[in-house]
Every structure is written in C-alpha cells, then in structure tokens.
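Note on naming: letters A, B, ... go to the chains in the order of the sequence lines (proteins, then strands), and numbering restarts at 1 for each one.
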2 protein chains.
Amino acid sequence: MRVLEGRWKLVLLFHLFGGKVLRFSELERQTPGISQKMLIQQLRQLEADGIVRRVVYQQIPPKVEYSLTEWGQALCPALDALVTWVESKPAGLENATDDN
Amino acid sequence: MRVLEGRWKLVLLFHLFGGKVLRFSELERQTPGISQKMLIQQLRQLEADGIVRRVVYQQIPPKVEYSLTEWGQALCPALDALVTWVESKPAGLENATDDN
DNA sequence: CCGTATCCGGGGCGATACTG
DNA sequence: CAGTATCGCCCCGGATACGG
C-alpha cells in the first residue's frame, strides 16, 4: 500500500482515470501547484511500481505520454469508490485538517 | 484526500473495517511495528477528520474504544476495492518500492 | 491501560535555475 | 517540451522515558 503514498500520487491517478493518455505538460497543467520535480518524481515512482506506463516518442520536440498499466487500471474501482466517498461527505465537517 | 495520508491510517482503518470496535491496546497489538505515539497521533487525526469515533469509559482501569463513524463506514467499499486491487497484483512485480 | 513529553534524524516536498 | 540538478526547510515518524 505504501505504493500510493505521496503528496500527488492519487491526484495524478485520478487524471489518468479511465484509460486516459496524457502528456507531461498536460498533467502539469491539470495539477495546479505541482512542480516539475514533484511531477516527474511521483510519475517515476508510479512507473517503477508498475502502475503507470511511460511512452517516449523519439522526436523534436520531445513527446512523452503517460497512461495506466493493466494493473493500474485495476485501481479504477477503488478510485471510483473514493470519489463516491468524498462526495458523500456530510456538511458541517469541513476542514479540521489544519490543527493536528 | 489528504485525510488518508499518513504511514498508518489505512492500516488502522482496515482493522476497524466492518463496524468493528477495538480498544487502544487491541489496535496496538494488531499493528506490529507501530509505537504508542504514532498510534494515538493517527487515531486523533482520523477522529478530528470525522472518520473515527472515540469512546472513553470513565473507570479504573481506563478503557477506550475506537470505531468508524457513519462517514467512516462509507469508506468500506473503497477499502474493499483496494484489497481486491492488491490481491490482483500480477507476479514478477514484487518490491520496486526500494529504489526511489 | 492509555496515553504525554522530548529528542532527533531522514527525507518528503517545495522553490529555483539550468539543459538537450 | 520534458526533464535534471541543487538547496534547504519542515515535519513525519521512530525511540525512549514518564504520568494518571
């Protein structure tokens, strides 16, 4: 499970949800606040763990596409369930995330 | 989603899966490697985020029980899906978790 | 039994600058 | 466009000791 730890892992996975294929710059744009360093780092870890596939197009300008592996696709039901969960959040229970 | 971040959060949630009610010492025993500090810290954060309920029995010796709130119970499908996912892990893809 | 209080090291994470 | 390379803070997490 350690595999999913990391500040941006889940966010990135959500973006690749449902067999989507995204370029580096697209992921960057869709993930406000992330730096290139963190983006590549988290992607590389996901790749090393066999969740994300990285395809390089040898050309100028460079082009790299990221997508979920089969094993990564298998995460979709879980991600789905998580979305359902956060959307079911009762009111009055906002951000207690602060004081910890 | 930050709510689920933390070295032991998911592990603890798995233990409270399905409406189970556990005492502090029970959680400690079922979670090898955790220290009392981390145990109480992660529990407190989960409590502050409305996922876990903490019930204190005013008596000697002390007794404290932890369980999932309704909003916490709603996580079960997601946890279930995660279990299914890890169990579907293909062979030959063991621990790349090391070199990151 | 159920916590609190401290100390401490490693690394996660961000900001910034540079490259093919 | 898609990355490396550095620097540094902060805080997460482990170890240990103590208290009601």
Discussion item. For a quick test of reading the model: is some side-chain N or O of B:Y66 closer than 4.0 Å to OP1 or OP2 of C:dC2?
Written reply: no
Worksheet item: So, the side chain of A:S67 versus the backbone of A:K20: is there a donor-acceptor pair under 3.5 Å, distance only?
Response: no
Discussion item. Between B:Q42 (side chain only) and B:K9 (backbone N and O only), is there a donor and an acceptor less than 3.5 Å apart?
Written reply: yes
Discussion item. Could you tell me how far apart A:Y57 (OH) and D:dG3 (C1') are, to the nearest whole angstrom?
Written reply: 18 Å
Discussion item. For B:V56 and A:W8, find the nucleotide of DNA chain C closest to each by heavy atoms; which residue's nucleotide sits nearer the 5' end?
Written reply: B:V56
Practice prompt. Quickly work out the A:R29 CZ to D:dC1 C1' distance and round it to whole Å.
Written response: 11 Å
Worksheet entry | Candidate nucleotides C:dG3, C:dC1, D:dA2, ranked by approach to the side chain of A:K63 - the nearest | D:dA2
Item to complete: Pick base, sugar-phosphate or nothing for B:G33, based on heavy-atom distances below 4.0 Å to the nucleic acid.
Response: nothing
Worksheet, complete the sentence: Between CG of B:L27 and P of C:dG3 the distance, given in whole Å, is 10 Å
Item to complete: Calculate the interatomic distance between B:I60 atom CD1 and C:dC2 atom P; express it in whole Å.
Response: 12 Å
Discussion item. Testing the basics here: between A:T69 and A:G50, what is the closest heavy-atom pair and its distance to 0.1 Å?
Written reply: OG1-O, 2.7 Å
Practice prompt. Return the value, rounded to whole Å, for the distance between atom CD of A:E65 and atom P of D:dG3.
Written response: 12 Å
Fill in: Closest nucleotide among C:dG3, C:dG14, C:dG20 to the A:M38 side chain
C:dG14
Practice prompt. State which of C:dT4, D:dG14, D:dC1 makes the closest approach to the side chain of A:S25.
Written response: D:dC1
Worksheet item: Within less than 4.0 Å of OP1 or OP2 of D:dT4, is there a side-chain N or O belonging to A:R44?
Response: yes
Worksheet entry | N/O donor-acceptor pair under 3.5 Å between B:W85 side chain and A:W71 backbone | yes
Worksheet item: Is any side-chain N of the basic residue among B:E26 and B:R23 closer than 4.0 Å to the acidic one's carboxylate O?
Response: no
Worksheet entry | Candidate nucleotides D:dG13, C:dG14, D:dT4, ranked by approach to the side chain of B:Q42 - the nearest | D:dG13
Item to complete: Could you tell me the separation between the CD1 atom of B:I34 and the P atom of D:dA15, rounded to a whole number of Å?
Response: 11 Å
Item to complete: Would you kindly compare A:Q36 and B:P62 by the position of their nearest DNA chain D nucleotide and give the one closer to the 5′ end?
Response: A:Q36
Discussion item. Tell me whether the side-chain N/O atoms of B:R54 come closer than 4.0 Å to OP1 or OP2 in C:dC2.
Written reply: no
Worksheet item: Which whole-number value in Å describes the distance from A:L43 CG to D:dG3 P?
Response: 8 Å
Discussion item. Ignoring hydrogens and geometry beyond distance, is the side chain of B:K37 in donor-acceptor contact with the base of C:dG3 at under 3.5 Å?
Written reply: no
Practice prompt. Report the distance from atom CD1 of B:I40 to atom P of D:dG14, rounded to the nearest whole Å.
Written response: 16 Å
Discussion item. Side-chain N or O of A:R23 versus OP1/OP2 of D:dC1: is the shortest distance under 4.0 Å?
Written reply: no
